[in-house]
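Remarks on the structure that follows.
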Amino acid sequence: MSEAIRDDALFQTALYIGINLEDILYGIELILYFKTMHILLGHKGKQKKSDIFYAFFSSIMLFLITVWMVTQAIFGEQMWILGRGYPGGPGEYWATYISNWYMDFGTTAIIVLQLMTDALMIYRCRIVWNSYRVVIVPSILWVATLVLGIMVDWTSSSPGGDFFVGLAAKLGLSYYSVSVFLNTTVTCIICYRMLYHGMKVKQQLGHEYACTYFDVVSIIVESVLPCTLSGIAFLVSFGTGSATSVTFVSVYILLMCISPQMLILRVIMGRAWSKETGRPQRTTIKFSSDSINPTSQILEENAVAVHFQVMSNVYLPDSESKV
């Protein structure tokens with residue numbers, strides 16, 4: 001993005017809209033977080049190790065996104081209210097103070113949040129496929145985002161650095177290109193697995209049992225689709241040098257937190273894909289020989305016994321009554 005665009009009214013308007021969208025999405029994140037913690041804290045005496053992990057993970061995500069929100073609010077106040085008479089206007093104020101120390105905290109928080117979200121997606125991909133081989137390429141891409149993220153944080157936080165201009169912008173484009181490609185890859189892998197398994201279930205058991213795997217909400221949440229789509233939108237606008245990229249990045253950053261939080265909420269509610277979902281299940285049928293009723297049968301499947309009672313009706317000649 002050129003300095004002319006940065007000084008343009010469109011850039012300032014896009015930045016203002018982005019901050020307002022962040023406020024709305026941050027409220028959604030708070031609702032999801034407290035809902036998650038309410039469920040986790042309600043597991044008294046039944047807490048698992050995964051509950052502690054998800055509680056810690058959710059709290060760290062909320063802390064990081066809160067750091068970003070605070071720095072954005074402070075910088076907006078300084079640029080538009082307290083520094084409204086700054087020579088050159090808001091655009092010049094942005095260029096001069098964008099690398100302030102508190103903005104460095106915000107940039108670092110977002111990079112860490114991005115790495116956490118990508119790591120969770122890779123972990124869920126392994127769960128869905130129940131295989132480590134499928135996450136080899138995503139793991140390599142994650143390491144690449146880690147290296148590029150450190151470089152972006154260093155260049156944009158240095159004196160005079162600006163994420164939207166110069167070397168920081170070039171490194172930022174490379175960083176988000178790899179990160180969004182990682183998101184897209186993992187999302188496609190997860191969606192393919194869910195749809196493929198659903199088709200297999202439909203062929204063997206019918207549409208009634210397969211509808212769970214074709215549920216739109218399940219696919220969207222499990223694959224973290226909102227985060228991926230917003231990342232693609234931001235990458236396109238940022239790569240073309242559009243001033244609207246500041247709006248798209250605001251939405252993208254908040255969905256980095258909201259999408260995994262929705263996934264965590266679905267996991268702790270027991271509605272998410274687990275290790276056992278895609279595994280072939282063995283079924284054993286046993287007939288009871290010592291049953292009191294010879295027409296009784298016992299079906300045992302996965303240690304759950306179901307008793308079927310067969311009733312016989314006997315009709316007398318020239319009578320509608322039955323014995």
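Quantities reported herein were computed from a predicted structural model and do not represent experimental measurements.
- Checking Ile150, Asp153, Leu146 one by one against Ile111, the side chain to side chain contact (heavy atoms under 4.5 Å, CB included) holds for a single residue, Asp153.
- Between Ser237 and Phe248 the shortest heavy-atom distance is OG-CD1, 3.5 Å.
- In this structure, the side chains of Asp118 and Asn183 come closer than 4.5 Å at one or more pairs of heavy atoms.
- A distance of 10.0 Å separates CD1 of Ile258 from CE of Met61, quoted to the nearest 0.5 Å.
- With hydrogens and angles disregarded, no donor-acceptor distance shorter than 3.5 Å links the side chain of Ser58 to the backbone of Ala55.
- Closest of all the heavy-atom pairs between Gly172 and Phe238 is C-CE2, 4.0 Å.
- Using a 3.5 Å distance cut-off with no hydrogens or angles, the side chains of Gln12 and Trp94 do not pair a donor with an acceptor.
- Here the CE-CD1 distance, from Met37 to Ile268, works out to 9.0 Å after rounding to the nearest 0.5 Å.
- Interatomic distance, Leu265 CG to Ile31 CD1, rounded to the nearest 0.5 Å: 12.0 Å.
- Within 6.0 Å of OH in Tyr102 there are more than 12 heavy atoms belonging to other residues, nucleotides or ligands.
- Put simply, the side chain of Thr184 does not reach to within 4.5 Å of the side chain of Thr187, judged on heavy atoms.
- In this structure, Asn100 and Ile74 have side chains that are not in contact, with every pair of non-hydrogen atoms separated by 4.5 Å or more.
- Formation of a donor-acceptor pair under 3.5 Å by the Ser179 side chain with backbone atoms of Tyr175 is not found in this model.
- Across all non-hydrogen atoms, the minimal contact from Gly18 to Ser250 is O-CB, 3.5 Å.
- Not one N or O on the side chain of Ser259 forms a donor-acceptor pair closer than 3.5 Å with the backbone of Met256.
- A distance of 10.5 Å separates CG of Leu141 from CG of Leu148, quoted to the nearest 0.5 Å.
- Counting non-hydrogen atoms of neighbouring residues, nucleotides and ligands closer than 6.0 angstrom, the CZ atom of Phe105 reaches no more than 12 such neighbours.
- For Tyr176 and Phe234, the gap between ring centers is short of 6.0 Å.
- A continuous path of ILVMFWY side-chain contacts below 4.5 Å connects Phe56 to Phe63, so both sit in one hydrophobic cluster.
- Tracing side-chain contacts under 4.5 Å through hydrophobic residues (I, L, V, M, F, W, Y), one reaches Val143 starting from Leu182; they form part of the same cluster.
- Tested against Leu235, the residues Val249, Thr240, Leu173 include a single side chain to side chain contact (heavy atoms under 4.5 Å, CB included) partner, Leu173.
- Taken to the nearest 0.5 Å, the CG atom of Leu32 stands 10.5 Å off from the CG atom of Leu62.
- Contact record, Val186 with Cys125: CG1-CB, 3.9 Å, taken as the closest heavy-atom pair.
- Taking 4.5 Å as the limit, some side-chain heavy atom of Val267 sits within range of a side-chain heavy atom of Arg124.
- Counting all heavy atoms, side chain and backbone alike, Leu255 lies closest to Pro226 at CD1-O, 3.6 Å.
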task: List the steps, then state whether side-chain contact (heavy atoms from CB on, under 4.5 Å) holds for Leu120 with Ile264.
output: CA-CA 10 Å; Leu120 181 65; Ile264 291 174; 4.2 Å; yes
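- Ile60 has its side chain within reach of Met116: a pair of non-hydrogen atoms, C-beta onward, lies under 4.5 Å apart.
- In this structure, Leu15 and Thr247 have side chains that are not in contact, with every pair of non-hydrogen atoms separated by 4.5 Å or more.
- Side-chain atoms of Trp80 never come within 3.5 Å of backbone atoms of Tyr16 as a donor-acceptor pair (strictly under, hydrogens ignored).
- Contact between Val246 and Ala243 at its shortest, heavy atoms only, is CG2-O, 3.2 Å.
- Residue Tyr86 places its OH atom among more than 12 non-hydrogen atoms of other residues, nucleotides or ligands, all under 6.0 Å distant.
- Side-chain atoms of Thr36 and Tyr54, non-hydrogen and from C-beta on, never get closer than 4.5 Å to each other.
- A 4.5 Å side-chain heavy-atom check between Trp142 and Met121 finds every atom pair outside the cut-off.
- The structure places CH2 of Trp154 at 14.5 Å from OG1 of Thr107, a figure rounded to the nearest 0.5 Å.
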